[in-house]
Protein chains: 4
Amino acid sequence: MDFDQHKSIYLQIAEILCERILAGEWPPEEKIPSVREMAANVQVNPNTVLRSYDFLQQKGIIFNKRGIGYFTETKAVERIQSYKKEDFYENVLPDLFKNMKLLNIEPNDIIERYQHYLKSNDTL
Amino acid sequence: MDFDQHKSIYLQIAEILCERILAGEWPPEEKIPSVREMAANVQVNPNTVLRSYDFLQQKGIIFNKRGIGYFTETKAVERIQSYKKEDFYENVLPDLFKNMKLLNIEPNDIIERYQHYLKSNDTL
Amino acid sequence: MDFDQHKSIYLQIAEILCERILAGEWPPEEKIPSVREMAANVQVNPNTVLRSYDFLQQKGIIFNKRGIGYFTETKAVERIQSYKKEDFYENVLPDLFKNMKLLNIEPNDIIERYQHYLKSNDTL
Amino acid sequence: MDFDQHKSIYLQIAEILCERILAGEWPPEEKIPSVREMAANVQVNPNTVLRSYDFLQQKGIIFNKRGIGYFTETKAVERIQSYKKEDFYENVLPDLFKNMKLLNIEPNDIIERYQHYLKSNDTL
DNA sequence: GTGGTCTAGACCACC
DNA sequence: GTGGTCTAGACCACA
């Protein structure tokens, strides 16, 4: 597992966990890997994984049963989607628009590239 | 001058300088404010401004004449645009597409919002 | 640790590190001393050491793992040699030739002195 | 006139003057260009040229007649050669040898390159 | 523990 | 006047 050195690792781990939850890897209320197990998997200090889990718990995406482990919240998927939506309209889109204007990029160019993106991902 | 606490100040200063160069505030080979002057303007320690200038010099956007000051490179604008373009296609766009697919957002929605964005900026 | 007052300390530290890497003190991907540790060793402010490390990182000779420390790049030795070679053929050699011609020094003189140099270093 | 930004300009001007003296541009006791004239020629602040002249005067290479100008010393050429010789054996040569050993460069390579150097300069 | 950023202030070489 | 370097010390996020 190699991480982007410019973003904090615990956020990258949280991000990956969210995507796996969205992908349906764990149904609601299912146990996710223990801190130690996850740490061993991604070759990272357990404290760092703990921080990811803590972060996701505060966001209402997972919860903890003492002595047992961490579990997906019932509404984990909805929560994640809601956060992503907020981030999308607050950050991603304004950033996109600013760059499009500055670099004189046509909306059609974006659409075309998106079609390609969908196709290339379909075949995976 | 107030800065975003989440990004380092020296990078924000560099960013602002780039936008002022793009806006044509200094033609190619023109002298930009001295380190001390800029530091006084944005209420920041001169060392911090120096770091911004150093950063931009390494990026080939400004250069230094000994004992005189910093000057915009002949190709400063091209360089900045090239960096921005790379960031756009490498980071912004993939991020956008990933989110669009995940959140089931239609390209038409994006375009529509972009047109609103352009209109609201025109009136400024 | 005493430094040459005519060159900046951070570059001299970088230079020393390069020579230690060339000497094989740290294999590829090995952790080098932390900023604070090195600063204590050479009796210098940690900021100054950090600057050396930053410099070497930009040259692709060492890299950083967040919260852990700096490590030698896999190709550190090759990179250093390549930089030294470039400097040699671009600066040292032209300087030598210019002086040889100007001072009317015969190549044989140089070779002879080089053999003496090698011998005197062998005995160390 | 464009200068190497890494060395101080006044030393570069002094260096150029020395080479012109060695080339016989001004016989002993001949007047060299005034500070202002030289400053205009090389596009530099007169203070900087003055510093060069001052430097050369301290080295016994030129001397000043108040109100008239700067003149080459009778033994200017000998002095310059002596300084260059000292620099050569103290700095250039040790630097060369260190690099040759480190980069595993054969003396024959140096000689060969020197022959090429002489040829290419002859034709100029 | 690690590095990263920022400040305040000093000193220097250079133009 | 210009930038460049260094120090001392603080504070922070991160592992």
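Chain naming here is simple, since letters A, B, ... match the order of the sequence lines and numbering starts at 1 in each.
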Engineer: Between atom CZ in B/R36 and atom C1' in E/dT7, what is the gap in whole Å?
Structural biologist: 15 Å
Engineer: Which heavy-atom pair separates C/P27 from C/T72 by the least distance, and what is that distance?
Structural biologist: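 In terms of heavy atoms, the two residues are closest at O-OG1, 2.8 Å.
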Engineer: Is there a side-chain contact between C/S34 and C/Y53, using heavy atoms and a 4.5 Å cut-off?
Structural biologist: no
Engineer: Nearest to the B/R66 side chain among E/dG3, E/dC14, F/dG4, which nucleotide is it?
Structural biologist: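 Between E/dG3, E/dC14, F/dG4, the one nearest the side chain of B/R66 would be E/dC14.
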Engineer: Mind telling me whether C/F71 and C/F63 have parallel, tilted or perpendicular rings, with 30° and 60° as the class edges?
Structural biologist: parallel
Engineer: Write down the distance between CZ (B/F3) and P (F/dC12), rounded to a whole number of angstrom.
Structural biologist: 19 Å
Engineer: Which nucleotide, in any strand shown, forms a Watson-Crick or G-U wobble pair with F/dG4, with both distances under 3.5 Å?
Structural biologist: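 Its partner is E/dC11 (Watson-Crick or G-U wobble, both distances under 3.5 Å).
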Engineer: From the list E/dC15, E/dG4, E/dT7, which nucleotide is the closest neighbour of the side chain of C/Y70?
Structural biologist: E/dG4
Engineer: Near DNA chain F, under 4.0 Å by heavy atom, which residues of residues 4-16 of chain D?
Structural biologist: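 Heavy-atom cutoff 4.0 Å gives no residues at all.
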Engineer: Quick one: D/D54 CG to E/dA13 P, roughly how many Å, whole number?
Structural biologist: 15 Å
Engineer: How would you label the contact of C/Y53 with the nucleic acid (heavy atoms, under 4.0 Å): base, sugar-phosphate, or nothing?
Structural biologist: nothing
Engineer: Regarding C/V44, tell me which of base, sugar-phosphate or nothing describes its non-hydrogen contacts under 4.0 Å with the strands shown.
Structural biologist: sugar-phosphate
Engineer: Could you tell me if the side chain of D/L56 sits less than 4.5 Å from the side chain of D/C18, heavy atoms only?
Structural biologist: yes
Engineer: What pair of heavy atoms forms the shortest contact from D/D4 to D/Q12, and how long is it?
Structural biologist: O-NE2, 2.7 Å
Engineer: If each of C/T48 and C/G67 is mapped to the nucleotide of DNA chain F with the nearest heavy atom, which maps nearer the 5' terminus, i.e. the 5' end?
Structural biologist: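 Taking each residue's closest nucleotide, the earlier one in sequence belongs to C/T48.
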Engineer: Send over the distance from B/Q57 CD to F/dG3 P, rounded to a whole Å.
Structural biologist: 11 Å
Engineer: Are OP1 or OP2 of E/dT5 and a side-chain N or O of B/R51 less than 4.0 angstrom apart?
Structural biologist: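 Yes, B/R51 has a side-chain N/O under 4.0 Å of OP1/OP2 on E/dT5.
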Engineer: Which pair of heavy atoms, one from A/E73 and one from A/G60, lies closest together, and at what distance?
Structural biologist: CG-O, 3.3 Å
Engineer: So which heavy atom on D/M38 is nearest to which on D/R20, and how close?
Structural biologist: CE-NH1, 4.1 Å
Engineer: How many whole angstroms separate atom CD1 of B/I62 from atom C1' of F/dG3?
Structural biologist: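 Spelled out: CD1 on B/I62 to C1' on F/dG3 is 11 Å.
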Engineer: Can you tell me how far P of E/dC14 sits from CG of D/L50, to the nearest Å?
Structural biologist: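 Distance, rounded to whole Å: 15 Å.
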Engineer: To the nearest Å, give me how far apart CG (C/D2) and C1' (F/dC6) are.
Structural biologist: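 My rounded result for the distance is 17 Å.
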Engineer: Could you check whether A/N47 gets within reach of a base, just the sugar-phosphate, or nothing at all, counting any heavy atom under 4.0 Å?
Structural biologist: nothing
Engineer: Let me know, please, whether C/K31 or B/Q43 comes out on the 5' side of the other along DNA chain E by nearest nucleotide.
Structural biologist: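 Mapping each residue to its closest nucleotide by heavy atoms, the 5'-most match is C/K31.
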Engineer: Between C/E37 (CD) and E/dT2 (P), how many Å, whole number?
Structural biologist: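 Value for this atom pair: 7 Å.
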